[in-house]
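Worksheet: the structure to be examined is printed underneath.
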Protein chains: 2
Amino acid sequence: MSSIPATKQGRATRERIVRAAAELVGERGASATSLDDVIAATGASKSQLYHYFGDKHGLVQAVVDYQCATVLGLQAHALASVSDWDDLERWAQTMVAIVEDQGAHGGCPIGTLAAALSDTDERLRTSLSEAFQAWSDAIRGALLRLRDNGLISTGADLDALTTITLSAIQGGLLLSKTSRDAGQLRIALDGAIAQLRSGGTVADPTDRAPRPRAARSSTRAPVRSAETRAARPRKKPRR
Amino acid sequence: MSSIPATKQGRATRERIVRAAAELVGERGASATSLDDVIAATGASKSQLYHYFGDKHGLVQAVVDYQCATVLGLQAHALASVSDWDDLERWAQTMVAIVEDQGAHGGCPIGTLAAALSDTDERLRTSLSEAFQAWSDAIRGALLRLRDNGLISTGADLDALTTITLSAIQGGLLLSKTSRDAGQLRIALDGAIAQLRSGGTVADPTDRAPRPRAARSSTRAPVRSAETRAARPRKKPRR
DNA sequence: GCAAGATTGGACTTGACAGTCCAACGAGTG
DNA sequence: CACTCGTTGGACTGTCAAGTCCAATCTTGC
């Protein structure tokens, strides 16, 4: 079970299935996508699914890997050619334009999968986390180039700026897809870029008060949870 | 069907079901949570579910409404008392602390639901969008107070800063839950706060080049999609 | 206390889903 | 050409899920 295609034909079949499954999962979510749906979308047969993926879980893993590779390939490529502010601006503009073209549907495939599957399956979470890591690396690479070109100050914390940028992407995409308004992403990205331009003043001397950064667990007010601790049977890990 | 509880007992039952369902849906996702799961978790009977919620979709809607109200109540309350940088810092610190306590599991209930359900059901999407809107209003209220206290310059674009802040929250939470590292949220929030402190220099005169902001659809490179347009059967709206 | 209506229990129906199985088919190799 | 093994079709099974139904029980207003 779960064998790697040995023939050209087999590889084509496997890929066809993964692509169709990726689309269905993106639209409906993993557990709302049945194998029969995938069969109907591809014209494949049950044996093919079980031959190439072992079981449904294997198919979902393949979908996750596929989406990570796809998004990452495109982002790495787009970011690799960023070496000044104009390039960065174009990169941002491209993302916004894509979201607009989709009517602000869907959002980031990785982000959507991460939100849904991170707490469901540890292996999937790891794959998705690695994808975000690779995405961060691509962003950091671009920032490094900007710094080398004298556009970002030497003292800037590139790691923090990278996280801030990726965070703006994901947050902006989520707000955009929820409100069906690509403008939210535009604003989030503008904010991130402004911060990059300002050199990432995370430690601003202006009038900052000493942070209670390590004063945890005493003054902490309840801001969420409410049902975090309750009697729960916890039966079935996934459907 | 789908009746509002008329008695105290009925209200208690309904609430008990919604809370348990909210937790299960938060852990496994809506379509991976069966009514039998909810029944097992609450000790309720099938008739009760159908009596109070009409069908599964109604239950999910109730869960969404409940989570929106819960998160929003807490956030609105926490943000209402923010009137200087220290307050804001504490607010951020509180969120990070909560995420840490949860081992960076779960993330924001609204964000998770939005990622999963926005493209599934228009009504749910609207509810979630309204929740984000209300959250934005709470943030804007805090920023307004900061501005009134002279901590944010009068010229600052509070709407943009609000979106940037909420975007950082959501993006940071997503990255945190995926990497199981609350530090991601901490960095994202620090970035947002730094931007607020710097007065939200979205339009920085430094050396900005004219933006190709409306040059869409010509130079646009393919940065995602790949299977956005394909033959798809599209059978069943939800499971 | 006593209807009237709200609430509850749980068996039952119907369909869909994941997963199994085996018999064919076909492509590559000697 | 023949053999092998990767590949494919599709019927079949057992389980589980959503939704229905009706009778029993409890609450509340009078």
Side-chain angles (χ1 to χ4, degrees), chain A residues 1-18 20-21 24-25 27-63 117 120-121 124 233-239, chain B residues 1-18 20-21 24-25 27-63 117 120-121 124 233-239:
Chain A
M1 68 288 303
S2 188
S3 64
I4 294 160
T7 72
K8 205 193 322 185
Q9 181 190 169
R11 276 185 294 277
T13 300
R14 202 195 121 105
E15 173 146 346
R16 184 164 45 94
I17 292 171
V18 173
L24 291 172
V25 168
E27 290 171 359
R28 316 173 179 180
S31 68
T33 302
S34 74
L35 297 183
D36 287 337
D37 290 340
V38 177
I39 287 169
T42 57
S45 71
K46 219 121 206 222
S47 346
Q48 287 173 300
L49 291 190
Y50 283 92
H51 182 65
Y52 292 115
F53 305 101
D55 60 4
K56 185 180 177 182
H57 182 261
L59 176 60
V60 173
Q61 177 77 51
V63 165
L117 303 175
T120 289
D121 182 282
L124 297 178
R234 206 177 282 272
K235 197 179 59 183
K236 163 176 48 162
R238 190 167 10 90
R239 182 198 136 63
Chain B
M1 67 290 305
S2 191
S3 63
I4 294 160
T7 71
K8 204 192 324 185
Q9 181 190 168
R11 276 186 294 277
T13 300
R14 202 195 121 105
E15 173 145 347
R16 184 166 43 98
I17 293 171
V18 173
L24 291 172
V25 168
E27 289 171 2
R28 315 173 178 179
S31 68
T33 302
S34 75
L35 298 184
D36 288 336
D37 290 339
V38 177
I39 286 169
T42 56
S45 71
K46 262 265 159 93
S47 350
Q48 287 174 299
L49 292 190
Y50 284 91
H51 181 66
Y52 291 115
F53 306 100
D55 59 5
K56 185 179 177 181
H57 182 261
L59 177 60
V60 173
Q61 177 76 52
V63 165
L117 303 175
T120 289
D121 182 284
L124 297 178
R234 207 176 281 272
K235 198 178 55 183
K236 138 185 67 158
R238 189 168 13 89
R239 180 200 138 62

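In what follows, chains are A, B, ... by sequence order, proteins preceding strands, each numbered from 1.
- Listed candidates were C/dA18, C/dG9, D/dT8. Nearest to the side chain of B/Ser45 is C/dG9.
- Regarding B/Arg11, its CZ atom lies at a distance of 9 Å from the P atom of C/dT7, rounded to whole Å.
- By the side chain to side chain contact (heavy atoms under 4.5 Å, CB included) test, A/Ser47 is found to be paired with A/Ser45, residues two or more places apart in sequence or in another chain being considered.
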A correct 5'-to-3' footprint of nucleotides 21-30 of chain C, with B, S and - meaning base, sugar-phosphate only and no protein heavy atom under 4.0 Å, is ------S---
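- A search for side-chain hydrogen bond (donor to acceptor under 3.5 Å, both in side chains) contacts involving B/Gln9 returns nothing, not counting sequence neighbours.
- Side-chain contact between B/Thr42 and B/Gln48 is absent, with no heavy-atom pair separated by less than 4.5 Å.
- One can place CG of A/Asp55 at 17 Å from P of C/dC17, the figure rounded to the nearest angstrom.
- Nearer the 5' end of DNA chain D, as judged by each residue's closest nucleotide, is the contact made by B/Leu35, out of B/Leu35 and B/Ala6.
- Protein atom CZ of A/Arg14 is 16 Å distant from nucleotide atom P of D/dG6, rounded to whole Å.
- Rounded to a whole Å, the CD1 atom of A/Ile39 is 12 Å from the P atom of D/dA11.
- Computed from coordinates, the A/His51 NE2 to D/dG10 P distance equals 17 Å when rounded to whole Å.
- For B/Tyr52 and C/dA6, the shortest distance from a side-chain N or O to OP1 or OP2 is not below 4.0 Å.
- Taking all atoms of both residues into account, the shortest heavy-atom contact from B/Pro5 to B/Arg11 is CB-N, 3.3 Å.
- When the P atom of C/dT7 is taken as reference, atom CZ of B/Arg16 falls 13 Å away, rounded to whole Å.
- Taking atom CG on B/Asp36 and atom P on C/dG10, their separation rounds to 14 Å, with Å as the unit.
- Atom CZ of residue B/Arg16 and atom OH of residue B/Tyr52 lie 9.5 Å apart, to the nearest 0.5 angstrom.
- In terms of heavy atoms, A/Leu59 sits closest to A/Phe53 at N-CB, 3.8 Å.
- With rounding to whole Å, A/Leu49 atom CG is found 14 Å from D/dG10 atom P.
- OP1 and OP2 of C/dT7 both lie 4.0 Å or more from every side-chain N or O belonging to B/Gln48.
- Contact annotation: the side chain of B/Thr13 approaches that of B/Ile17 to within less than 4.5 Å [non-hydrogen atoms, C-beta and beyond].
- Considering CG of A/Leu117 and CZ of B/Arg28, their distance stands at 15.0 Å, rounded to 0.5 Å.
- Shown here for A/Asp55 and A/Tyr50, the closest heavy-atom pair between the two residues is CA-CE2, 3.7 Å.
- Each end of the helix from C/dG1-D/dC30 to C/dG30-D/dC1 yields a helix axis from five base pairs, and these two axes differ in direction by 20° (to the nearest 10 degrees).
- Closest contact between the side chain of B/Pro5 and the listed nucleotides C/dT7, C/dC17, D/dG10 involves C/dT7.
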